[in-house]
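Report on the following structure.
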Amino acid sequence: MELKLYDTYTRSIRTFEPINPPIEGCSATVGMYTCGPTVYDYAHIGNLRTYIFEDILRRVLSINGYEVKHVMNITDVGHLVSDADTGEDKMEKCARRTGKSAWELAEYYTQAFKNDLQLLNILEPVIWCKATDHIEDQIEVIKCIEEKGFTYRTSDGIYFDTSKLPDYGYLARLDVEGLQAGTRIDMGEKRHITDFALWKFSPPDQKRQMEWNSPWGIGFPGWHIECSAMSAKYLGRFFDIHCGGEDHIPIHHPNEIAQTEACYGTRLANFWMHGYFLQAGDEKMSKSAGHFLRLRDLIEKGYDPLAYRFFCFSALYRAKLTFSWEGMESSQKALDRLRLIVYELGDPGEVDEWYKNQFIEYVNDDLNIPRAIALTWEMIKSDLISSAKKATILYFDKVLGLRLNEWKPKEEIIPEEVQKLIELRQKARTEKRWNDADMLRNQISTLGYEIEDTPQGSRVKKKKE
RNA sequence: GGCGACGUGGCCAAGUGGGAAGGCAAGGGUCUGCAAAACCCUGAUCACGGGUUCAAAUCCCGUCGUCGCCUCCA
């Protein structure tokens, strides 16, 4: 079945074909590079939305029969606080603030990030690559760009001269002259507003925690070069899909493309895909503005990380999604219901072909997960036999990744005090002393437990605060 | 100021030329000693005003509104 994906580069939906045809007897391998985190702080749930989108993409590629070589970078150096290339390095700044070393911080936030991915059931990249582990590779690419004549030197670094690429910024359809006219940022010694640093020199008066020797002097690589260097190293000079957040469309990705075009003459990736922002109420979530929620915050409020994953399924990846606690509650409830239904379906039998094909059609239509979810509910309500429903939904879950097969109703540990009251109430009920029974139910409720009477007897569960 | 996106039932949102998905909430019902849970049922002239068309939520123009980018950001 055809897989259609939206490509930001051409601003159109295109049929996906892998660049490298399959070797006989094997599935085709698809190269996928996803811009990873800058590890100077925790990820917020808006960041995580993008990684969930990329995970869905990867899983959809898989069910289409592709082997996915998924690479994600960890940016642990060189990401400046300003695109004017005049600000500080985020890692160094954070290190100074906390009194820890930049290396320790990078390690700490990398682990925190990986932990979030795991909680969200996001498949681990096949290759993780850290910017600081690839300094030599980055220097090589900068040398190559320099040899081709695209660089110039200022007092604080080596810069990329974007005016030498006629189609610079094509990905974002940048109006370079318009930008130039409306200059709002400090140009420093840059020749053009869109020029960016490839290599920054360490400040002469200051010893940086992270710095390396290079043909141009002691310093550190610019933010964009790592992606060009590492993607070429692991996936080749032209690979299948490059992903990131929508915020990368105007700056980071055009710069990556510029570097790669200058050095290798390719536009880096065949498909450019971008996840759109999670809105926090009226505005977007932002680290710099200081208002953001972490996955941890959701967990502390009693939500399951996978309920957040499910929440992200309510909108297309290419549309903004508004976060609210009401929405979170809605997703948690829906997921709880789905889990119980799936659990009670019993053992899986045969996957239903019609629903399977319908599902693939929806997810292959530029990852229309909301529609796939709607189909899931329809399938659940259909008159298929239980074993077919179970097998079919477990097939869906290869893409949805909700761990539906692992879920079991929680065994409640009931305190003895509550257990006694339940027994008393049961006795009152058999003796039809309804007033006593209701009173006991109130007492149990005060202790934080809810009672559900079923034909098999009373079931108790802890109330959610 | 420049560029761009969006405006679908109470909330989150699919649908982009011909029957307005789905989830949550709400109301009604079945069940229950009463509840709860579960299940069933119910609802939208698609921001507004023009236009194109046999036919428009869907295309075109205008108005209003919201948001994003042009500072770092997923």
Side-chain angles (χ1 to χ4, degrees), chain A residues 34-38 40-41 43-54 79-84 86-88 90 93 172-175 177-186 193-194 223 243-252 274-279 281-289 292 310-335 337-338 340-341 344 362 365 368-378 380-381 428-429 432-435 437-438 441-442 445 450-455 458-461:
Chain A
T34 53
C35 278
T38 304
Y40 67 101
D41 200 347
H44 61 63
I45 58 174
N47 300 131
L48 296 172
R49 183 187 178 202
T50 296
Y51 300 109
I52 290 171
F53 137 65
E54 291 161 349
H79 201 155
L80 303 175
V81 294
S82 143
D83 250 352
T86 51
E88 297 172 87
K90 284 182 176 173
K93 185 182 174 190
R173 307 294 190 266
L174 282 186
D175 172 10
E177 281 175 24
L179 285 175
Q180 208 84 27
T183 294
R184 246 172 54 178
I185 60 171
D186 181 7
I193 187 167
T194 47
W223 170 38
C243 304
E246 60 163 316
D247 52 312
H248 286 158
I249 296 171
I251 295 168
H252 182 52
H274 296 91
Y276 279 65
F277 279 149
L278 180 75
Q279 302 277 128
D282 289 338
E283 16 174 14
K284 67 167 186 166
M285 262 190 207
S286 159
K287 283 186 198 172
S288 47
F292 65 89
F310 192 78
F311 172 80
C312 291
F313 294 167
S314 55
L316 298 168
Y317 78 89
R318 211 146 55 74
K320 68 178 174 59
L321 170 63
T322 312
F323 179 84
S324 68
W325 291 109
E326 197 188 351
M328 199 55 222
E329 185 64 28
S330 153
S331 295
Q332 179 73 61
K333 280 187 178 160
L335 178 61
R337 239 187 85 209
L338 186 63
L340 187 63
I341 290 168
E344 288 176 344
Y362 289 154
D365 178 18
N368 196 328
I369 298 297
R371 229 167 149 173
I373 293 292
L375 181 75
T376 303
W377 292 111
E378 282 165 29
I380 292 283
K381 286 182 194 163
R429 288 185 72 222
K432 297 198 193 295
R433 289 182 284 112
W434 306 124
N435 282 343
D438 290 347
R441 177 163 58 201
N442 285 340
S445 173
E450 260 174 326
I451 287 197
E452 286 173 22
D453 296 326
T454 72
S458 300
R459 196 154 67 188
V460 203
K461 65 178 186 187

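Lettering follows sequence order; numbering is per chain, from 1.
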Return the value, rounded to whole Å, for the distance between atom [atom1] of [X] and atom [atom2] of [N].
X	N	atom1	atom2	answer
Q332(A)	rA25(B)	CD	P	12 Å
W325(A)	rC24(B)	CH2	C1'	16 Å
I249(A)	rG68(B)	CD1	C1'	11 Å
R337(A)	rA36(B)	CZ	P	17 Å
R173(A)	rC69(B)	CZ	C1'	16 Å
I451(A)	rC34(B)	CD1	C1'	13 Å
Q279(A)	rC11(B)	CD	P	17 Å
F53(A)	rA74(B)	CZ	C1'	10 Å

[X], nearest nucleotide to its side chain (from [options]):
X	options	answer
D453(A)	rA14(B), rC73(B), rA35(B)	rA35(B)
P370(A)	rA14(B), rG33(B), rC40(B)	rA14(B)
E452(A)	rA14(B), rA37(B), rA74(B)	rA37(B)
L321(A)	rA13(B), rC34(B), rA37(B)	rA13(B)
E378(A)	rG23(B), rG22(B), rG33(B)	rG22(B)
F311(A)	rG10(B), rG33(B), rC12(B)	rC12(B)

When you match R371(A) and W434(A) each to their closest nucleotide on RNA chain B, which lands nearer the 5' end?
R371(A)
Please figure out whether K320(A) or W377(A) has its closest RNA chain B nucleotide nearer the 5' end.
K320(A)
Ring centroid separation for Y276(A) and F53(A), is it under 6.0 angstrom?
no
Measuring only the [atom1] atom in each nucleotide, how far is [N] from [M]? A whole number of Å is fine.
N	M	atom1	value
rG43(B)	rG27(B)	C1'	10 Å
rG19(B)	rG10(B)	P	24 Å
rC48(B)	rC12(B)	C1'	24 Å
rA14(B)	rC70(B)	C1'	32 Å
rC3(B)	rU8(B)	P	25 Å
rG22(B)	rA35(B)	P	29 Å
rA21(B)	rG65(B)	C1'	27 Å
rC6(B)	rG62(B)	P	16 Å

Is it the case that rG68(B) (base atoms only) and D247(A) (side chain only) share a donor and an acceptor within less than 3.5 Å, ignoring hydrogens and angles?
no
Can you find an N or O donor on one side and an acceptor on the other, under 3.5 Å apart, linking the side chain of S314(A) with the base of rA13(B)?
no
Could you tell me the separation between the OG atom of S331(A) and the CZ atom of F323(A), rounded to the nearest 0.5 Å?
9.0 Å
For [N], which nucleotide in any strand shown is its Watson-Crick or wobble partner with both distances under 3.5 Å?
N	answer
rC11(B)	rG23(B)
rC34(B)	none
rG1(B)	rC70(B)
rU45(B)	none
rA57(B)	none
rG65(B)	rC6(B)

State whether [X] places a side-chain N or O below 4.0 Å from either non-bridging phosphate oxygen (OP1 or OP2) of [N].
X	N	value
T38(A)	rC73(B)	no
N368(A)	rG15(B)	yes
K333(A)	rA38(B)	no

Taking all non-hydrogen atoms of both residues into account, name the closest pair between G275(A) and T50(A) and its distance.
O-OG1, 4.2 Å
Show the nearest heavy-atom pair for residues A172(A) and P250(A), with the distance to one decimal.
CB-CA, 3.7 Å
Would the number of heavy atoms belonging to other residues, nucleotides or ligands and lying under 6.0 Å from CG of N435(A) be above 12?
no
Using modelled atom types and a 3.5 Å cut-off, is there a donor and acceptor pairing between side-chain atoms of T376(A) and backbone atoms of A372(A)?
yes
Quick one: does E246(A)'s side chain have a donor or acceptor within less than 3.5 Å of a partner on F277(A)'s backbone?
yes
Check this for me, if you would: do D453(A) and R459(A) make a salt bridge, where the nitrogen-to-carboxylate-oxygen distance has to be below 4.0 angstrom?
no
Across the strands shown, which category fits [X] at heavy-atom distances under 4.0 angstrom: base, sugar-phosphate, nothing?
X	result
A172(A)	nothing
G46(A)	base
H274(A)	nothing

